[in-house]
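Here is the structure we will look at.
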Amino acid sequence: MSGLLCTSRAREVLVQLTSMRTVVAIVWQAVPPGNAHSQSSFFAMTADRQERLGRSDTDQLDAYASLAHMAFIDSLAAMTEGDPRWHQTVAGFLTMRAVDAWRRPALDFSESSIPWHPQMTAGARRAIEEIDAQHAIRLALYRVVEALGETSPTAPHHLLVRLIGYGRALEFEAEWALAIDVHETVLEHAEWAQDGHCAGQAALRLGFGHRVLARHDVALEWYRRAEQIGIASGELGTELRGRIGIGKVALERGNYALARVLLEEVERTADEAGRVEERSQALHELSDIAFRAGDHTRALHLLHEALGGYTIQADRDRALNDLAVNFVELGLLDAARDAYLVVLATAQERSTRWLAMLNLLTVVGPAGDRAAVERYRQELMDAALPPGLEFAFWNQLGTAYAALGDAEAAEAALTRAVAVAREHKLHGREFEAERQMAQLAESRSVGSRSAPIAAPEAVEIAVAVRDMRLQVCGDEIVPR
């Protein structure tokens with residue numbers, strides 16, 4: 001494809017026959033050679049789609065969406081074949097089509113679906129081999145393909161676990177739309193097979209993915225569904241995580257009172273049941289409420305306690321990043337820098353690394369390092385940030401410019417932050433940016449506020465983070 005943009009008009013873009021030929025060629029790799037019925041059915045289906053897409057009536061363009069896993073096609077439409085993500089996305093699409101055909105005997109699919117054939121996994125394997133050998137996506141896809149040959153469609157638990165692993169790998173790469181597609185596939189088959197564990201995990205991941213994309217109404221429904229699946233299947237962890245998700249949505253919408261009630265209840269229940277991970281998650285979100293209320297010492301205490309209970313690295317990365325945010329508010333900029341450097345060096349998730357980088361703006365700005373501010377600004381401007389991170393980027397950039405004494409640039413960045421928050425209904429974030437703008441209007445630099453005297457407990461935590469940075473980064477103290 002020739003660099004087609006993936007927008008809401010992607011289907012119109014795909015009308016171009018050159019693009020269609022590329023997409024058709026990709027799908028054709030999934031059709032077993034020598035299978036006349038499959039090939040003729042495929043060509044008839046493709047020709048029909050091309051004919052409908054060629055009509056002048058743009059309403060007919062939606063017919064193309066009947067192709068399964070449209071998220072992968074939309075993603076490919078935004079790339080050229082030289083894009084580093086091209087092979088990963090093609091391999092993922094072929095693997096998911098193979099999964100569709102594998103499960104067809106168990107589910108009621110339309111006659112237009114391409115039937116299962118072992119050659120489909122061979123095609124997927126060839127595509128997977130094009131991915132860099134060290135990439136986590138390659139390993140995750142290999143595991144899915146292996147599970148196709150080891151699992152029965154009527155007892156799919158093994159494959160569903162592997163698919164969830166692939167979905168998580170996509171999340172680590174910030175491929176939210178593709179991860180949502182994968183988890184929808186998991187949920188569909190898990191519910192048919194009455195696999196409560198996998199259904200609950202998929203619903204939680206769907207809630208997470210839609211929440212990251214600021215689709216809060218959709219996220220709320222998925223979190224509620226996860227809660228109900230947890231209750232029905234007797235899995236307390238899934239039930240509690242669903243409630244935590246509901247609390248997170250309330251928090252993002254600015255309903256702090258409701259969020260606090262929900263999260264405190266989860267924390268108590270998890271503590272009584274000995275559910276350490278779920279209790280840590282609840283404490284982490286409660287720390288966010290404390291942060292937004294300006295109680296940074298309490299936020300640090302809650303985060304430090306949550307960090308001690310986390311066993312999943314991605315959760316620890318996010319907690320460490322949030323510790324740093326509170327260090328900044330307490331004036332402990334060296335401690336904040338230490339924490340951000342550790343996250344940049346060790347975080348598994350690309351979005352967490354982005355968050356650490358944009359938050360470093362609040363350290364290098366007050367330090368007067370304009371060159372570092374511009375370097376981070378340029379790198380983040382080129383990133384495909386989801387709504388929450390896009391808001392944080394503009395908000396932190398405004399903070400950095402204000403600390404540098406550039407009121408005009410600070411106002412422009414904060415104005416953009418407010419616009420992003422309003423567009424995606426991030427009401428709590430909108431209040432935050434408007435408060436920053438009010439301080440700027442009163443000629444008080446938002447990057448140079450008088451910080452409270454840090455409590456001894458905060459200093460102790462800062463020392464522990466410094467030791468962590470020395471262990472991970474050595475004597476490196478300059479953010480890069």
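Note that CG of Leu303 and CG of Asp322 are 5.5 Å apart. Values are rounded to the nearest 0.5 Å. Taken from CG in Leu360 to OG1 in Thr362, the straight-line distance is 7.0 Å, to the nearest 0.5 Å. Summarising the geometry, atom CG belonging to Leu286 is positioned 5.0 Å from atom CG belonging to Leu263; distances are rounded to the nearest 0.5 Å. The CD atom of Gln88 lies 8.5 Å from the CG atom of Leu170; values are rounded to the nearest 0.5 Å. A distance of 13.0 Å separates NE2 of His304 from CG of Asn326, quoted to the nearest 0.5 Å. Note that CG of Leu323 and OG of Ser287 are 8.0 Å apart. Values are rounded to the nearest 0.5 Å.
When all heavy atoms are compared, the tightest approach of Leu141 to Ala91 is CD1-CB, 3.8 Å. Residues Ala347 and Asp317 come closest through the heavy atom pair CA-OD2, 3.1 Å. Val186 and Leu163 make their closest contact through CG2-CB, 3.5 Å (heavy atoms, listed as atom of the first residue, atom of the second, distance). When all heavy atoms of Phe391 and Ala433 are compared, the pair lying nearest together is CE1-CB, 3.7 Å. Of all the heavy atoms in Gly398 and Ala410, the pair that sits closest is O-CB, 3.4 Å. The heavy-atom pair separating Ala127 from Leu94 by the smallest distance is CB-CD1, 3.8 Å.
Under the side chain to side chain contact (heavy atoms under 4.5 Å, CB included) rule, Glu278 has a single partner from Glu239, Arg241, Arg243, which is Arg241.
Using a 4.0 Å cut-off between a side-chain N of Lys or Arg and a carboxylate O of Asp or Glu, Lys248 and Asp288 do not qualify as a salt bridge. Salt bridge absent: Glu173 and Arg168 never bring a charged side-chain N and a carboxylate O closer than 4.0 Å. A salt bridge does not link Arg268 with Asp271: none of the charged nitrogens is closer than 4.0 Å to a carboxylate oxygen. Using a 4.0 Å cut-off between charged side-chain N and carboxylate O, Glu374 and Arg377 make a salt bridge. Under a 4.0 Å N-O distance rule, the pair Arg279/Glu305 qualifies as a salt bridge. A salt bridge does not link Glu130 to Arg138: none of the charged side-chain nitrogens sits closer than 4.0 Å to a carboxylate oxygen. A salt bridge between Arg435 and Glu430 is absent, with no side-chain N of the basic residue lying under 4.0 Å from a carboxylate O of the acidic one. For Glu390 and Arg416, the salt-bridge test passes: some basic side-chain N is under 4.0 Å from an acidic carboxylate O.
Although no hydrogens or angles enter the test, the distance criterion places a donor-acceptor pair under 3.5 Å between the side chain of Thr185 and the main chain of Asp181. Remark: the backbone N or O of Ile131 is not paired with any side-chain donor or acceptor of His135 at under 3.5 angstrom. Judged by distance alone, with hydrogens and angles left aside, the side-chain atoms of Arg162 form no donor-acceptor pair with the main-chain N or O of Ala140 at under 3.5 Å. Remark: side-chain polar atoms of Thr346 are paired, donor with acceptor, to backbone N or O of Val342 under 3.5 angstrom. No donor-acceptor distance shorter than 3.5 angstrom exists from the side chain of Arg350 to the backbone of Ala174, with no hydrogens or angles considered. In this structure a side-chain-to-backbone donor-acceptor pair under 3.5 Å is missing from Thr238 to Gly230.
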**Message:** Pair Leu236, Leu240 - check side chain to side chain contact (heavy atoms under 4.5 Å, CB included), show working.
**Reply:** CA-CA 6 Å; Leu236 180 60; Leu240 293 176; 3.8 Å; yes

**Prompt:** Yes or no on side chain to side chain contact (heavy atoms under 4.5 Å, CB included) for Arg143 and Leu139, after CA distance, side-chain angles and deciding distance?
**Reply:** CA-CA 6 Å; Arg143 287 175 171 171; Leu139 177 59; 3.7 Å; yes

**Item:** Test log, rule side chain to side chain contact (heavy atoms under 4.5 Å, CB included), inputs Glu379 and Trp354
**Value:** CA-CA 9 Å; Glu379 187 163 348; Trp354 282 337; over 6 Å; no

**Asked** Can Glu184 and His69 be said to form a side chain to side chain contact (heavy atoms under 4.5 Å, CB included), step by step?
**Response** CA-CA 10 Å; Glu184 285 175 343; His69 307 294; over 6 Å; no

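When side chains are defined from C-beta on, Ile128 does not count as touching His87, because their heavy atoms never get closer than 4.5 Å. Looking at heavy atoms from C-beta onward, His216 lies in side-chain contact with Leu426 at the 4.5 angstrom threshold. Side-chain contact check for Met357 versus Arg375: every heavy-atom pair is 4.5 Å or farther apart. Residues Met381 and Phe393 have side chains in contact (heavy-atom distance under 4.5 Å, counting atoms from C-beta outward). A heavy-atom distance below 4.5 Å is found between the side chains of Ser75 and Arg85. Contact annotation: the side chain of Leu414 never approaches that of Tyr401 to less than 4.5 Å [non-hydrogen atoms, C-beta and beyond]. Under the 4.5 Å side-chain criterion, counting only non-hydrogen atoms from C-beta, Val325 is in contact with Tyr340. Proximity of Trp176 to Ser351: side-chain heavy atoms (C-beta onward) are separated by under 4.5 Å at one or more points.
The aromatic rings of Phe72 and Phe93 sit tilted, their planes meeting at an angle between 30° and 60°.
Using modelled atom types and a 3.5 Å distance limit, the side chains of His197 and Glu235 yield a donor-acceptor pair. For His284 and Asp315, the side-chain atoms include no donor-acceptor pair closer than 3.5 Å. Judged by distance alone, the side chains of Gln396 and Asn359 do bring a donor and an acceptor atom under 3.5 Å apart. Side chains of Arg211 and Tyr223: a donor on one and an acceptor on the other come within 3.5 Å.
A cation-pi contact, defined as under 6.0 Å to the ring centre and within 45° of the axis, links Arg205 to Phe208.
Glu264 CD: more than 12 foreign heavy atoms inside a 6.0 Å radius. Summarising the local packing, CZ of Arg298 is surrounded by 12 or fewer heavy atoms from other residues, nucleotides or ligands at distances under 6.0 Å.
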